[in-house]
Protein chains: 2
Amino acid sequence: MTKEYSIGQMSRRTGVKVTTIRYYESRGLIPSPGRTQGGQRRYDEAALERLAFLRHARELGFNLDDIAELMALAETPSEDCAPAYEIARKQLAAVDRRMTILAQLREELARMANADDPGHAGKCRVIEVLGDHRLCIGSHDLSDSRADLSGS
Amino acid sequence: MTKEYSIGQMSRRTGVKVTTIRYYESRGLIPSPGRTQGGQRRYDEAALERLAFLRHARELGFNLDDIAELMALAETPSEDCAPAYEIARKQLAAVDRRMTILAQLREELARMANADDPGHAGKCRVIEVLGDHRLCIGSHDLSDSRADLSGS
DNA sequence: CTTGAACCTACAGCCGCTGTAGATTGTATC
DNA sequence: GATACAATCTACAGCGGCTGTAGGTTCAAG
């Protein structure tokens, strides 16, 4: 009789929220587990490992499609590690791009936020800078220039 | 007779997409403009300035609620610049946090992606690392640890 | 048996967009 | 004026990755 976990236990052990675990199941990232007579999910050790893998990959910013691929690779012993490396390198490149952009944004924000002269004649420097679009950083292609800071 | 702009002209002049301009209008960030007899939007110079301000602020990662506040401040001449500074500093702090986290993520990814030994016995290093959650960076509170790289 | 936490599904929303179907308008050219 | 085509319109839905809640059931401890 192998050890079983409820969804709450899975959540507490991996740090992935219950609603998120259900979401991952709906996305096919984790298999639907067996159920109790009453309909409650019961997971095994393998499912726990899989969820932990998923969580770790999410932490590193891999998107769910790439994670699905990595998981498939993990379950298919193969001599070819190229696909996994491709995915990891792609993510590394994206992190590098993001870091470059954030550094630029930081400069402008620092200028704006740390101005000694907060403003004059009813016009704040923050507002002035934002109103002066010669100070815009990017081209009109904004897809990578926004300092999106959301965690999810 | 002041100069008028169609929504497409607004888009080309500011780099904000037509659908996004409509979205901003629905969110109340820009006022609904006058219309032609046929129902097409016609904007004035002031609207163009406002949209440019909005775009610049988005570029810097300010969220729409904060931008709405900044725009209200811009339109209300006041001696008090504290609210604008507060918003700017909050954003600066968020950028700093994100940069710190990205640096950490970068380290781990680099380790993973640049390994000289790509893997052995059918087990890739990338996969191994992801499966070893002792290498996780963060606590179980992931809200700021994900390397979200999306531009929007 | 009772109680209350944990669990279930269905549905909707967050944030900031973004696209598309089907229809109308505006403008340039003939 | 007629034609052609790009531009514009609204309504609706979707992206990515979650996240919450209403209303109901199950599980486990006392």
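Order of the sequence lines fixes the chain letters, A, B, ..., with proteins taken first and strands second; residue numbering starts at 1 for each chain.
Spacing between atom OH of B:Y5 and atom C1' of D:dA7 amounts to 18 Å, rounded to whole angstrom units. Taking atom CD1 on A:I67 and atom C1' on D:dG16, their separation rounds to 12 Å, with Å as the unit. A:R55 has its CZ atom 17 Å from the P atom of D:dG17, to the nearest Å. For A:L64 and D:dG16, the CG to P distance is 9 Å, given to the nearest whole Å. Atom-to-atom, OH of A:Y24 to C1' of D:dT19 comes out at 12 Å; the value is rounded to the nearest Å. Spacing between atom CG of A:D66 and atom P of D:dG16 amounts to 12 Å, rounded to whole angstrom units. B:L29 has its CG atom 9 Å from the P atom of C:dC17, to the nearest Å. Between B:R27 atom CZ and C:dT18 atom P the separation is 14 Å, expressed in whole Å.
Here the closest heavy-atom approach between residue B:A88 and residue B:F62 is recorded as CA-CE2, 3.8 Å. Contact detail for B:V129 and B:M112: the closest heavy-atom pair is CG1-CE, 3.6 Å. The shortest heavy-atom contact between A:G8 and A:V18 is CA-CG2, 4.3 Å.
The side chain of A:N63 sits closest to D:dG17 out of C:dC17, D:dG17, C:dC8.
Remark: side-chain polar atoms of A:Q91 are not paired, donor with acceptor, to backbone N or O of B:L109 under 3.5 angstrom. In this structure, A:R50 contributes its side chain and A:L29 its backbone to a donor-acceptor pair below 3.5 Å. Using modelled atom types, one side-chain atom of A:Q9 and one backbone atom of A:S6 make a donor-acceptor pair closer than 3.5 Å.
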What string of B, S and - do you get for nucleotides 20-30 of chain D, 5' to 3', if B is base contact, S is sugar-phosphate-only contact and - is no contact with any protein heavy atom under 4.0 Å? B-----BSS--
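Proximity of B:S6 to the phosphate of D:dT8: a side-chain N or O atom is located under 4.0 Å from OP1 or OP2. For C:dC8, one of the phosphate oxygens OP1 or OP2 lies less than 4.0 angstrom from a side-chain nitrogen or oxygen of A:R41.
Between B:L130 atom CG and B:E108 atom CD the span is 7.5 Å, to the nearest 0.5 Å.
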